[in-house]
Amino acid sequence: MGIDSFCSLDGSDPFWDWNRTWNASSPDLTRCFQSTVLVWVPCFYLWLCAPFYFAYLKWHDLGYICMTHLNKAKTVLGFLLWIVCWADVFYSFWERGQGTARAPVFFISPTMLGITMLLATFLIQYERIKGVQSSGVMLNFWLIAFLCATVSFRSRILQTINEVRIKSSFTDPNLSSWLLWEFSLAILTTCSDPPPSTSTSLWASFLSKITFWWITKLLVQGFKRPLEEKDLWCLNSEDQSQKVVPQLVRCWNHECSKVKRSAYSLVGNTLAYEPEDPVERSRGEKDRPPMEESEILLVKSSQNTSEPSLFLALCRTFGPYFLVSSLYKIVHDILMFVGPEILRLLIRFVNDGSAPYWQGYFYTSLLFVCTCVQTLILQRYFHVCFVTGMRLRTAIVGAVYRKALVITNAARRTSTVGEIVNLMSVDAQRFMDLITYINMIWSAPLQVILALYFLWQNLGPSVLAGVAVMVLMVPVNAVIAMKTKTYQVAQMKSKDNRIKLMNEVLNGIKVLKLYAWELAFRDKVSKIRESELRVLKKTAYLGAVSTFTWVCAPFLVALSTFAVYVMVDEKNVLDAQKAFVSLALFNILRFPLNMLPMVISSMVQASVSMKRLRVFLSHEELDEDNVNRKAIAGSSDSISIVDGSFSWSKTDNPTLKRINVLIPEGSLVAVVGHVGSGKSSLLSALLGEMHKQDGAVSIKGSVAYVPQQAWIQNATLRENIVFGRERKESWYQSVVEACALLPDLEILPAADATEIGEKGVNLSGGQKQRVSLARAVYCDTAVYLLDDPLSAVDAHVGKHIFDKVIGPQGLLQGRTRVLVTHGLSFLPQADLILVMVDGEITETGSYLELMGRQGAFADFLRTYANTEQTEEEPGELGSFLMKGACCLKPNIHFFPFISPLLSELSICWHMGDGKKARSPEAAKLTEADKAKTGRVKLSVFWEYMKAIGICLSCISIFLFLCHHVASLGSNFWLSRWTDDPVINGTQPYREMRLSIYGALGITQGVAVFCYSISVSIGGILASRYLHETMLYNVLRSPMAFFERTPSGNLVNRFSKETDTIDSVIPSIFKMFMGSMFNVLGACAVILIATPLVVIIIPPLGLLYFFVQRFYVASSRQLKRLESVSRSPVYTHFNETLLGTSVIRAFGDQQRFIHESDGRVDLNQKAYYPSIVANRWLAVRLEFVGNCIVMFAALFAVISRDNLSPGIMGLSISYALQVTASLNWLVRMSSELETNIVAVERVKEYGDTEKEAEWTLEGSKPTTGWPTAGHIEICSFGLRYRDDLELAIRNINVIIEGGEKVGIVGRTGAGKSSLTLGLFRIIEASEGEIRVDGVNIANMGLHDLRSRITIIPQDPVLFSGTLRMNLDPFDGYTDEEVWRTLELAHLKNFVSGLPDKLNHECAEGGENLSLGQRQLVCLARALLRKTKILVLDEATAAVDLETDNLIQSTIRTQFEDCTVLTIAHRLNTIMDYTRVLVLDKGQMAEFDSPASLLAKKGLFYKMAKDSGLV
């Protein structure tokens, strides 16, 4: 039975009739076609999708949705449609029963439709049960069904008008109702129930999702007022760190275990990048330069060992979701070629005057629908890509953070803080950039093949000429890509070094200022920056060549193809159809050819980043088996080390050897020894921080650790002490009281809710150490490892803490305590003393046992016993404690510029007012990175243009103009050529036409090359200028600025923002200018071709402008919020890296990981809406572009009688480009505005307050000044802020040249403030200081600071050679340096190093002990040997022997110099000429020590408290 008889028994109703459809002026479909195809298409669609959709719903259960009015309405309408279908079937059977013959179609089609309607109704309910708000599958079904029914409805109307009698079915009279119900269902399916909370994509309807309508609410809010962090919605659960990071970590661990199984593991082993031969390795650093991580990456191991693949781990983690984007891309790529085909049909329609007009309108509608579908699919593709990129960044940051918490100290030294921060910022960003375009690797060849296929159809074998041109381009770009990779590695190496150095400069800025070393370090940073810019310049030249080849490629392909086509045969006529369809295809070809080099470049950058990440993630991890934490069965020992041998890395010689220790539970153990004897290393070994070469270590129970240098978080004081534990109020109060912190809380603005700055900047050294101790005590563990916690506190406070906390009667009684100490007075109370010499325990025993042996310990003790008398009277200590804050007031003047509020309160306190306001504002200290609001000012663009150079900027714009004029000219010339009349089957003047077409193309190429070079060079000039200015401005800022500004903010400026200015802005500027001229050119061509478009372009232009401004308001603010929320991620990471050993000791890794994840999620919370906002914009703008295409085609159809095919082809081919160009223009204008924020943020440091000038030409001091060292302080006072009272005032002191003056006072009396005034770290508010008769306020800061020397409290070293740390300006000879080292008692140590003076100091001097670092600072002072020397509690962290060495050196070497010492141990200044006693910011006493003791004043009381009288 044929299809015709299936529809009608007598065959009178054919399936298809060309005369009724295509060739008719009013087309209609046959009744048979309507009853079969139009009914079956929606049915087939739903039955095809149903199994897959059912499975999807089963596996993606979003939760049950209760019955709502919406759901009820959909169900009722579905049942109504089902009832109508079955009524139709029964009606057909009834007719048959009445004897009326009916064709099979009247039974089968309604039955099929009825079953489908039942399935649709079932799916409506199943969606509700599975929590689906709105469905794309169902929406498409109802839309298809509605469109099919509409065609039938139109046909019935036409037949009614023409009064054609046909056999009806039951549904015919009800067709209007049927149509209305289907339309209602389509509308209802687009709706979704209101969300339970704030609107997010999860609760949006399908239509809202594909058009990104759901974000409109946020954009409206952003248009009305600048968005804030509280306006942003929570991240979807699948985008959050807690979901994403573990997936990557799991896949990476799987890869690592695969490698371990296949061979012995080299994961994380330094063998992968160190010489294989041990002899070669032992030759030391001097035989080969130290390798940076980025160099290491490209060095292959001599053994062919496999390494874990980070690429595979990433594929496993993100591949399945990312594959969805590939499906979208395939559909989009195929749809791209519909446009040129419709253009061909439109040109044929214009040429064929007999074709009915409806065909033209049909082609126009088809073009519009195809472009709209293409838009929606492309934007979904981009959305999936960007979300994948976002998840990838989250995963990488999380994985790097987790790894940083577990790598060994040796591995940690190979990656500096700067390098690891770069992994999190720059390298993670490279992956995000690549993910968007990675599909082009297969999509570009697919597009090229399809384009060539259609071109072959159009022009035949001539296309091979174009293919040959493209093939020739490939090797050129391969060479460029290889060179780019080389430059990329070099650039990343320089960037790492620069960030590493900047990190150190920012951490040690106080030392730089005190030593006047800013210029030396500025030159060091600038030198690295110059090498970075040289590489950037080479990359720019390569980029220009690459841009030239790829912009010219489509034109050269077109030129060669057209030339061959018209030259091989005279009869080959280049008409409009061939030329412009080919041109449209060449324009499609332009995109993949332009994108390929960009994708290859991105892949090159990402591959470098991937290697860097892989090396870091493969670093050796601390072995958890180093320390056995399980209880030692049947043993009363809390700690045991048997035959222990430990080193800092597997390849090092043992630092600790032959260690045998058994520590009974609950005992107090003291560890003593000289500087560098291995005391701190012993604690590190117990914590499992060192590599165990031999032996066994066991610890019973939980551990708390107090490091030698206190690690303080940027959090409140309470949070620092509680450290994530449960708050127990009574225990907390006991701990705070025992650690002598109560008086400090009295003075702090918000008590224990006061925010402590980064690294504890607003606490004195002693306060930091007490907080660090309080943290350990509060955690209430079984074992306490205390690394010299009493060194930084005054003797009387030290005794109080020992008695109340550490000693036999302290809070920790009954706990095992291992105390590293230099305080001899505590040793008699220790149960066990370990004496360490050169990494070995030489003696062990109780105090009396060791004294009885008369060994090394007894000699050591006898030598130094007289330096520290400890017979304090209990009554005196008690009275001292009763005095409260007066005695224990925190050293708020030590960092006076930090917290003006502290100073203010200290003044209130001084004046006797003990009442304080506890406001939340008072508790704040650091300034978070603030997001600016509103439009980026034009002045920022102007600043950037000035940085490039106005002349160069104008030249670049002119070259852009030349390029686009030449491009328009060549296409217009082509349209004139295609309109040339054909005489005798050939076109005259074709040689002339071809040569001018070629000449215009060459002009384009030259202009492209020139503008590419000029923009890139301009970008580099701007980069250099902006970085240099920012560096100078930051170094010129006063100390107050650095204490207020978290280092993460500054590092962010020097890494991410500088990278944006280096690489992103120049390329965005090029693309912005290109898109702008493309749009203007296209509009001009369309207007010339079809002047009617002038009616529609202004309203579309207005719509475009409104949408763009509406979007940019929110987009810009989202970018700022994202940028601002990025800094805390790096700040927290920096803080974590400094405290990894403490975090591990307390077992708090998970809490810190959770905190880091939270900060990353907060950052992504601002990034995600900006992705969606981009897609929102693109959908709307492309819709505007699609309208332009539609109207260009529509008006061309309307005016086809007076339009030449050439001009029409030109107009529509340009219109087809407008959509992409418009979209790109807004994207680029928005990107330009959001990225230029980097310039704004870099420039903002130019407006902050600055120090006085470094040098003043008119008042330079004479050579050799100061000659005598005479200091005269006249009525001197200073304040920390203009609106505060004076903090020290009315100081009148005359110090003769060569005098030794001690400065003493209770904590907070203003001792350090006076020295900071001498160095003009804080400027005087009243009075003056004269040195050798010269008022220091009239001098340049460098002239002053370079002529006075200070040995600061915190010994700061920078990474670099030991020599550089002593003499960064290279102003002294090696002999002078060696002589200095000898005097500083470092000569033996340095001589024993393999590289002597060129020994590389680690970041922060970590590979030297604290005492050795203090001796290096002494050596600096000896090298400068100025007439005035200031010691700022310089011997607080060294043992008594080293203290003695330093004091004796100062007495002999600075005999004729003026020495000012802020005394920490009063016994060190008892032989000084005079002592200045400060109290409450004023001078209390000033005389010789003997006279002051005789007066029995303040000094006498302090001496008595310290047990000296």
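What you see below is based on every heavy atom in this structure, not just the backbone, and it leaves out hydrogens, waters and symmetry mates. Sequence positions, counted from 1, serve as the residue numbers for this chain.
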Check: Rounded to the nearest 0.5 Å, how far does CG of N1235 lie from OG1 of T1060?
Finding: 5.5 Å
Item checked: Side-chain donor/acceptor of S1014 to backbone N/O of Y1011, under 3.5 Å -> yes
Next item on the list: Step by step, work out the side-chain contact (heavy atoms from CB on, under 4.5 Å) result for F1183 and T371.
Entry: CA-CA 8 Å; F1183 179 74; T371 49; over 6 Å; no
Margin query: For a 4.5 angstrom cut-off between non-hydrogen side-chain atoms, does M610 reach L314?
Written below: yes
Notebook entry, point to check: Should the ring pair Y997 and F555 be called parallel, tilted or perpendicular, given that the plane angle runs from 0 to 90° and is split at 30 and 60?
Noted result: tilted
Notebook entry, point to check: Hey, are the side chains of L1177 and V1107 touching, using non-hydrogen atoms and a 4.5 Å cut-off?
Noted result: yes
Note to self: How long is the straight-line distance from CG of L378 back to CZ of R1175, given to the nearest 0.5 Å?
What the structure shows: 7.5 Å
Note to self: Would R391 and Y321 count as a cation-pi pair here, with the cationic atom under 6.0 angstrom from the ring centre and within 45° of the axis?
What the structure shows: yes
Check: Relative to the ring of Y437, is the ring of F382 parallel (under 30°), tilted (30 to 60°) or perpendicular (over 60°)?
Finding: perpendicular
Check: Given the rule in the side-chain contact (heavy atoms from CB on, under 4.5 Å) test, do S1012 and K1070 qualify, once you have shown the distances and angles that lead to the verdict?
Finding: CA-CA 8 Å; S1012 221; K1070 274 196 284 194; 3.3 Å; yes
Check: Is S1115 reaching over with its side chain to a backbone N or O of Y1111, donor-acceptor style, under 3.5 angstrom?
Finding: no
Notebook entry, point to check: Between atom CD1 of I215 and atom CZ of F212, what is the distance when rounded to the nearest 0.5 Å?
Noted result: 9.5 Å
Checklist line | Result of checking T436, I441, N439, V604 against V599 for side-chain contact (heavy atoms from CB on, under 4.5 Å) | finding: I441
Next item on the list: Could you pull out the closest heavy-atom pair between V1006 and F548, with the gap in Å?
Entry: N-CE1, 4.3 Å
Item checked: Neighbour count >12 (heavy atoms, 6.0 Å) for atom CZ, F311 -> no
Notebook entry, point to check: Distance only, no hydrogens: is a donor on one side chain within 3.5 Å (strictly under) of an acceptor on the other, for E1182 and Q374?
Noted result: no
Next item on the list: For residues I396 and D427, determine if any side-chain heavy atom of one lies less than 4.5 Å from a side-chain heavy atom of the other.
Entry: no
Note to self: Tell me if a side-chain donor or acceptor on Y565 pairs with a main-chain N or O of V463 at a distance below 3.5 Å.
What the structure shows: no
Margin query: Side chains of T561 and S582, heavy atoms from C-beta outward: is any pair under 4.5 Å?
Written below: no
Next item on the list: Check whether any side-chain heavy atom of V566 sits under 4.5 Å from a side-chain heavy atom of W977, and report yes or no.
Entry: yes
Note to self: Is any side-chain heavy atom of F1191 closer than 4.5 Å to one of T364?
What the structure shows: no
Check: Under 6.0 Å from the OH atom of Y487, do we count more than 12 heavy atoms belonging to anything else shown?
Finding: yes
Margin query: Please check: side-chain N/O of W973 versus main-chain N/O of R993, any donor-acceptor pairing under 3.5 Å?
Written below: yes
Check: What are the two closest non-hydrogen atoms of H383 and V1172, and how far apart are they?
Finding: CE1-CG2, 3.8 Å
Margin query: Looking at every non-hydrogen atom in both residues, tell me the closest pair between L1210 and F580 and how far apart they are.
Written below: CA-CE2, 3.5 Å
Next item on the list: Report yes if the side chains of Y1167 and M432 come closer than 4.5 Å at any heavy-atom pair, otherwise no.
Entry: yes
Checklist line | Sub-4.5 Å side-chain heavy-atom contact between F368 and I342 | finding: no
Check: Considering the options N458, L346, L345, which one meets the side-chain contact (heavy atoms from CB on, under 4.5 Å) requirement together with V581?
Finding: N458
Check: How far apart are the C-alpha atoms of S325 and F322, what are their side-chain angles, what is the distance that settles it, and do they pass the side-chain contact (heavy atoms from CB on, under 4.5 Å) test?
Finding: CA-CA 5 Å; S325 71; F322 187 65; 3.6 Å; yes
Next item on the list: Check step by step if side-chain contact (heavy atoms from CB on, under 4.5 Å) holds for L1194 and Y361.
Entry: CA-CA 7 Å; L1194 185 66; Y361 300 135; 3.7 Å; yes
Margin query: Distance check, rounded to the nearest 0.5 Å: R976 atom CZ versus N971 atom CG?
Written below: 13.5 Å
Notebook entry, point to check: Would a distance-only check, ignoring hydrogens and angles, find a side-chain to backbone donor-acceptor pair under 3.5 Å from T978 to S975?
Noted result: yes
Next item on the list: Apply ring pair (Phe, Tyr, Trp, His ring centres under 6.0 Å) to F431 and list each qualifying residue two or more places apart in sequence or on a separate chain.
Entry: none
Notebook entry, point to check: How long is the gap from OH on Y381 to OG on S326, to the nearest 0.5 Å?
Noted result: 7.5 Å
Notebook entry, point to check: Got a second to check how far S1075's OG is from M1228's CE, nearest 0.5 Å?
Noted result: 6.5 Å
Next item on the list: Report, as yes or no, whether the 6.0 Å neighbourhood of atom CE on M482 holds more than 12 heavy atoms from other residues, nucleotides or ligands.
Entry: no
Checklist line | Nearest heavy-atom neighbours spanning V137 and C49 | finding: CG1-CB, 4.0 Å
Item checked: Closest non-hydrogen atom pair between M440 and P592, with its separation -> CE-CA, 3.9 Å
Notebook entry, point to check: Which is it for Q447 and S443 under the side chain to side chain donor-acceptor pair (under 3.5 Å) test, yes or no, and what are the steps along the way?
Noted result: CA-CA 6 Å; Q447 288 179 30; S443 170; 3.1 Å; yes
Notebook entry, point to check: Is the backbone of W1176 close enough, under 3.5 Å, to the side chain of R1180 for a donor and an acceptor to pair up by distance?
Noted result: yes
Margin query: By the salt bridge (Lys or Arg N to Asp or Glu O under 4.0 Å) test, which pairs, at least two apart or in different chains, include something from residues 313-329?
Written below: E255-R316, K329-D333
Checklist line | Shortest non-hydrogen separation from A576 to G1206 and the atoms involved | finding: CB-N, 3.7 Å
Checklist line | Pair H963 + F1077: ring centers closer than 6.0 Å | finding: no
